[in-house]
**Q** 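Take a look at the following structure, please.
Residues: numbered from 1 along the sequence shown. In this text the structure is predicted, and so the values were computed from the model without any measurement.
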Amino acid sequence: MEKYNIEPYEDRDESRDFRKEEAYLRAKKKVDAIVGFYWHLAVYVVVNIFLIILIGVNSGEGFTGFGPYATAVFWGIGLVFHFLGVFGANFLFGKSWENKKIEEYMEKERQHWE
């Protein structure tokens, strides 16, 4: 049996920069996560509308009580965690929001003292 030759490629370009490829892969992963969240949200809405109607019509209590909405509530908790995993905790109250609020309050102070 012949031994394998493990030599580097002859036409290997040492100056090649892989940062663009890595950035593309990170961006693709992020987009895939966002698409996955939106599919999760769409399935959540469709299935829970179906379940709420089905349970509400067929139960003796109708649409009152916790029964028809239990699945939506507990699945909704999971959906919130999926949202936080995809968009991050700073989605609603990030740095840009903080800066806008600071500017808003500073403007109110300026108007108050003028």
Side-chain angles (χ1 to χ4, degrees):
M1 187 167 156
E2 183 179 318
K3 291 186 178 182
Y4 293 101
N5 186 9
I6 307 177
E7 295 294 323
Y9 293 114
E10 297 297 323
D11 60 348
R12 187 173 180 167
D13 184 9
E14 295 296 330
S15 65
R16 186 170 178 182
D17 189 11
F18 292 102
R19 286 181 286 192
K20 289 182 182 178
E21 292 174 21
E22 290 172 358
Y24 170 78
L25 291 174
R26 283 191 305 271
K28 175 97 171 91
K29 186 177 178 181
K30 181 71 172 172
V31 168
D32 289 343
I34 292 170
V35 168
F37 171 76
Y38 285 127
W39 274 108
H40 187 184
L41 179 64
V43 170
Y44 169 82
V45 169
V46 171
V47 169
N48 281 298
I49 287 173
F50 174 75
L51 287 175
I52 289 170
I53 292 171
L54 183 71
I55 294 170
V57 168
N58 293 324
S59 70
E61 298 176 1
F63 292 98
T64 61
F66 183 65
Y69 311 106
T71 303
V73 168
F74 293 117
W75 189 354
I77 293 169
L79 189 64
V80 167
F81 282 111
H82 190 177
F83 175 85
L84 292 175
V86 170
F87 294 105
N90 292 331
F91 180 76
L92 297 174
F93 302 112
K95 282 290 183 188
S96 62
W97 176 83
E98 288 178 10
N99 292 336
K100 288 177 189 175
K101 282 297 180 184
I102 289 170
E103 289 295 324
E104 179 184 325
Y105 289 127
M106 286 174 60
E107 183 61 32
K108 284 182 182 179
E109 286 292 321
R110 275 189 229 122
Q111 291 175 357
H112 177 70
W113 291 103
E114 288 179 355

**Q** Decide yes or no for Ile34 and Phe87: does some side-chain heavy atom of the first lie under 4.5 Å from some side-chain heavy atom of the second?
**A** yes
**Q** Any idea how His40 and Phe37 line up, ring-wise: parallel (<30°), tilted (30 to 60°), or perpendicular (>60°)?
**A** perpendicular
**Q** Hey, could you give me the CZ/OG1 distance between Phe66 and Thr71, rounded to the nearest 0.5 Å?
**A** 8.5 Å
**Q** Count I, L, V, M, F, W, Y as connected when their side-chain heavy atoms are under 4.5 Å apart, and connections chain through other members. Are Val35 and Phe83 then in the same cluster?
**A** no
**Q** Distance check, rounded to the nearest 0.5 Å: Leu79 atom CG versus Asn48 atom CG?
**A** 9.5 Å
**Q** Taking all non-hydrogen atoms of both residues, which atom of Gly62 and which atom of Pro68 are closest, and how far apart?
**A** O-CG, 3.6 Å
**Q** Find the distance between CG (Leu84) and NE2 (His82) and round it off to the nearest 0.5 Å.
**A** 10.5 Å
**Q** If the threshold is 4.0 Å, N to carboxylate O, is there a salt bridge linking Glu104 and Lys101?
**A** yes
**Q** Can you name the closest pair of heavy atoms from Ile52 and Phe63 and give their distance?
**A** O-CE2, 3.3 Å
**Q** Taking the side chain as everything from C-beta on, heavy atoms only, tell me whether Thr64 gets closer than 4.5 Å to Glu61.
**A** yes
**Q** Side chains of Lys20 and Tyr24: closer than 4.5 Å at any heavy-atom pair?
**A** no
**Q** Are Tyr38 and Val31 linked, directly or through intermediate hydrophobic residues, by side-chain heavy-atom contacts shorter than 4.5 Å (ILVMFWY only)?
**A** no
**Q** Using modelled atom types only, decide if a donor and an acceptor are shared between the side chain of Tyr44 and the backbone of Trp39 within a distance under 3.5 Å.
**A** no
**Q** Give a yes or no answer on whether the side chain of Lys108 reaches the backbone of Glu103 with a donor-acceptor pair at less than 3.5 Å.
**A** no
**Q** Treating Ile, Leu, Val, Met, Phe, Trp and Tyr as nodes and any side-chain heavy-atom pair under 4.5 angstrom as an edge, say whether Trp75 and Val46 lie in one connected cluster.
**A** no
**Q** For the CD1 atom of Ile53 and the CG atom of Asn58, what is their distance to the nearest 0.5 Å?
**A** 11.5 Å
